[in-house]
J.: 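Below are the structure tokens for one structure; questions will follow.
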Protein chains: 2
Amino acid sequence: MAPTRRTSRDIRSESRLDVLHALLAAGETTRNELARTTGLSTATVATVVSDLLSGGIVTEARVASGRVGRPTTLLRLNQDRGRIVGVDVAETYIRAVVFDAALDETASAEIAADERHDETEEVVDGIARAVDAALAQAGTPRGEVLGVGISLPGSMQRWGGAAPVMPNAAWRHVDRLRERLDLPIVIDNPLKAIATAELWFGEGRRHSSTITVNLGTGVGAGIILNGAILRGATNFAGEWGHSLLALDGRACRCGRNGCVEAYVGALGIQQTLGAIAPGHPLAAVPLQRDFIDALAAALEPPEPDPAVTETIRLTARYLGAALADLVAIVNPETITLTGWTVWALGDHLVPAVRRSVVEEAPGDAAADLEVQVSTVRGNSVATGIATIALERFLSDVGLVTTRVPTAL
Amino acid sequence: MAPTRRTSRDIRSESRLDVLHALLAAGETTRNELARTTGLSTATVATVVSDLLSGGIVTEARVASGRVGRPTTLLRLNQDRGRIVGVDVAETYIRAVVFDAALDETASAEIAADERHDETEEVVDGIARAVDAALAQAGTPRGEVLGVGISLPGSMQRWGGAAPVMPNAAWRHVDRLRERLDLPIVIDNPLKAIATAELWFGEGRRHSSTITVNLGTGVGAGIILNGAILRGATNFAGEWGHSLLALDGRACRCGRNGCVEAYVGALGIQQTLGAIAPGHPLAAVPLQRDFIDALAAALEPPEPDPAVTETIRLTARYLGAALADLVAIVNPETITLTGWTVWALGDHLVPAVRRSVVEEAPGDAAADLEVQVSTVRGNSVATGIATIALERFLSDVGLVTTRVPTAL
DNA sequence: GGGGTAAATCTAACCCATAGATAAATGGTT
DNA sequence: AACCATTTATCTATGGGTTAGATTTACCCC
């Protein structure tokens, strides 16, 4: 497959996305300010804004006067343009979040999931029920829904009889979902979703290369290079959780040994604690989120648990070494950390990870690297997959040509 | 650093590069054929060709008649436009290759290097002497030299007191080189050079993502994404040889433990043999290229050495696992292998590596991956760095705006 | 009414690519 | 010699994008 060639339409597409991002960051802003923050000329901004006003994506909020000179018109994203739903299909739950067209969350609904979600019908049904419940809570008629983004995880292997390339392999189930939902849908995986969220809401717009690392049960990375998500040949890029930390090391859920996830996934952290202190009560906590929360509690002053402290130290080392691989291969400007492990343990883990990645990276490759907790709030998978659905909608109405996942 | 914004000039730049690549691949060709192979319109091709003719980059070779219709003019790259020198500064030699402007090799000279090349003056002197010798052999006056590309390896740490980010850290020595050579120079590292060679001469133009892996003393990867070299924030991308294969594994020359290079670099392969058969005569061969050549000889029928056979098997496994990491993180369409280890051992190693990477990659991520020996002939570092110098020259004369390394 | 200021729009110029028309250069036929 | 058919190369008008500078708009103040 040859590289794609850019046209002048793609230039306009990127200009529109730049303006949208600036509007999203600012809330309300003027054409002149948009020109300043995007670096586009005022004439280009005026043209782009006119397009977005015509499309109903942007609205003129109010007119404000300065001390002197012509009054200025403040613009904002038109939240009433419609609604977008982001669905995070995880291993223990299916969560549907309704966003307005300015990507603010308006409602959400969650359905418990268990082993059941390995059965196709059950998953399709679960997704539909979660979407219905969220739309009902938001009081949103289906006619107002611009799109539904659905994030399916890598562990859902049996759907396509394949690995984490779900978006490409799951075609046999997409029609069932479309039929069941009767709404425009787009399917992608959590890594592409969190990267998209980071690109629209986090560090991704300010840096030419950002990697956002998700730490939870599963572990993975969303890679942003020059304002675009790295997808790879089969949409598989970013499965860093299943790269090697230790040849012939611990067994991993994916069937291999020594994967990064087997050390820094929640289960891997629990195993580390069990190796340090066999019989430690927290090593037997059955649910992974409970385990991580219990770790955080055990680290509280005045008497932090020494085995838990050692577990954090070792985990930071493993994570630092694994992040050093990303530095060695991709050399990003910044790495952001997200996921419930980070929310719970970030205060203890992140400073140690920063030190570890500098030590583990070859030479001084990580000297200028920024490592920080992602500033994307809420469920970043749902936010990101909803954003992908918005990108698809913008593509469908002719406003955007780039960045949209192909053939999904 | 914000992502770079594309303009219409960048579109023309890519069109020119497309035409140049097609000319390079075809040798001689017509405007109509260029339009067919590049997919550009005949009008755009005519415009681009006119630019390249004006710049002296392309020349009209001859006129050929078909059976009927207007005769056609055959075009080719103008090898007499000038000369370009590519310098490969390796650990045991400094090799300077003179290329004509059609990137065909016309002369070369090699100077032995040893521990001496860690001293700045010695290296500068060595480079200058190699360049002088190669130009003398080619009978090329200095006035005809369009540029000199110099590839400095990661091991040359003391130049900048830094790691493999030589191109950025070595500013204090660039002036000395400029002064000494009195020619326009551009400095880069071997990974960017081999990637550029693969992009211009190999698989890089036919695929949206190609990783070219160099196996020798040092080990690394050049990454091409959508027709461009992945450089990273500090030009460090591709140092996959210093990512982890085994946490706390073998000591590596870079000071860490467990690096990929410690297992699949020539020294690492020798260590593997030593572990399989302590006291094996080949385990004591002092020069690494001699060692690899001796391995190849020991594999010849009718009696391949069993310890050597086992060494190849293990090496294939290590290499497959390490390539699987590239698959997991970047998900390329194709991986090409290059370097003197591959030239010598490819027949035995490559089929086993293909099988290994499929086994080691998570799920079926590597199902569609192509793994092949690079089709770039000759010293691909010298070829690639010369090509980078040509890109710089094309940029200086205003024909190209993209792909050129910044500020070097 | 005139002057000053700041926001928004207009205009002309620059850049790129292409579909279709036109010109150029043959060979073959009448 | 004139005409037709074919193929190559160039020309032309149109579509798309961005921006520097000019002009218009909408105020406030004197």
Side-chain angles (χ1 to χ4, degrees), chain A residues 3-19 22-23 26 28-54 58-76 398-402, chain B residues 4-19 22-23 26 28-54 58-75 398-402:
Chain A
T4 56
R5 176 177 286 146
R6 286 284 168 93
T7 70
S8 58
R9 283 181 193 274
D10 297 318
I11 291 170
R12 178 56 63 85
S13 173
E14 288 295 321
S15 299
R16 287 189 187 121
L17 287 166
D18 283 350
V19 168
L23 272 171
E28 271 189 349
T29 191
T30 65
R31 288 174 175 82
N32 263 10
E33 191 56 33
L34 285 173
R36 268 192 290 275
T37 55
T38 60
L40 294 164
S41 69
T42 55
T44 300
V45 167
T47 303
V48 166
V49 167
S50 173
D51 297 336
L52 296 173
L53 284 168
S54 296
V58 167
T59 189
E60 293 184 325
R62 56 193 175 99
V63 178
S65 300
R67 285 180 308 100
V68 74
R70 181 176 172 171
T72 189
T73 307
L74 283 149
L75 306 164
R76 62 174 169 78
L399 287 171
V400 166
T401 59
T402 58
Chain B
T4 55
R5 176 177 285 147
R6 286 289 170 90
T7 69
S8 57
R9 284 180 191 274
D10 297 317
I11 292 171
R12 178 55 61 85
S13 174
E14 287 295 319
S15 300
R16 287 192 186 118
L17 288 165
D18 283 349
V19 168
L23 273 169
E28 271 188 351
T29 192
T30 64
R31 286 173 175 83
N32 263 12
E33 192 55 32
L34 284 174
R36 268 191 290 272
T37 55
T38 60
L40 293 164
S41 68
T42 54
T44 297
V45 166
T47 303
V48 167
V49 166
S50 174
D51 295 336
L52 296 172
L53 285 168
S54 296
V58 167
T59 188
E60 293 183 324
R62 56 191 174 98
V63 178
S65 300
R67 288 180 303 101
V68 73
R70 183 176 169 170
T72 187
T73 308
L74 284 149
L75 307 164
L399 288 171
V400 167
T401 61
T402 57

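In the text below, chain A, chain B and the rest are named by the order of the sequence lines, each starting its count at 1. Only a predicted model underlies this, so the values are computations on that prediction, with no experimental measurement involved.
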J.: For DNA chain D, which residues of residues 62-72 of chain A approach it to below 4.0 angstrom with any heavy atom?
T.: A:R67, A:G69, A:R70, A:P71

J.: Given 3.5 Å as the limit, does a donor-acceptor pair link the side chain of A:S15 with the main chain of A:I11, or not?
T.: yes

J.: Reckon B:R31 touches a base, only the sugar-phosphate, or nothing at all at heavy-atom distances under 4.0 Å?
T.: sugar-phosphate

J.: May I ask you to say what B:T47 touches in the nucleic acid, namely base, sugar-phosphate or nothing, with a heavy-atom cut-off under 4.0 Å?
T.: nothing

J.: Select base, sugar-phosphate, or nothing to describe what A:T7 touches, counting heavy atoms under 4.0 Å on all strands.
T.: nothing

J.: Look only at the side chain of A:S54 and the backbone of A:S50, and say whether a donor-acceptor pair between them is shorter than 3.5 Å.
T.: yes

J.: At what distance, to the nearest 0.5 angstrom, does CG of B:L75 lie from CZ of B:R31?
T.: 5.0 Å

J.: Using whole Å, what does the distance between atom P of nucleotide C:dC15 and atom CG of B:D51 come to?
T.: 11 Å

J.: Toward the 5' end of DNA chain D, which comes first, B:R36 or A:I11, by nearest nucleotide?
T.: B:R36

J.: The side chain of A:N32 is closest to which nucleotide in this list: C:dA7, D:dT10, C:dT18?
T.: C:dA7

J.: Here's a test of your reading of the structure: between A:T42 and B:T30, which maps to the more 5' nucleotide of DNA chain D?
T.: B:T30

J.: For the pair made of CZ in A:R12 and P in D:dG15, what is the distance, rounded to whole Å?
T.: 15 Å

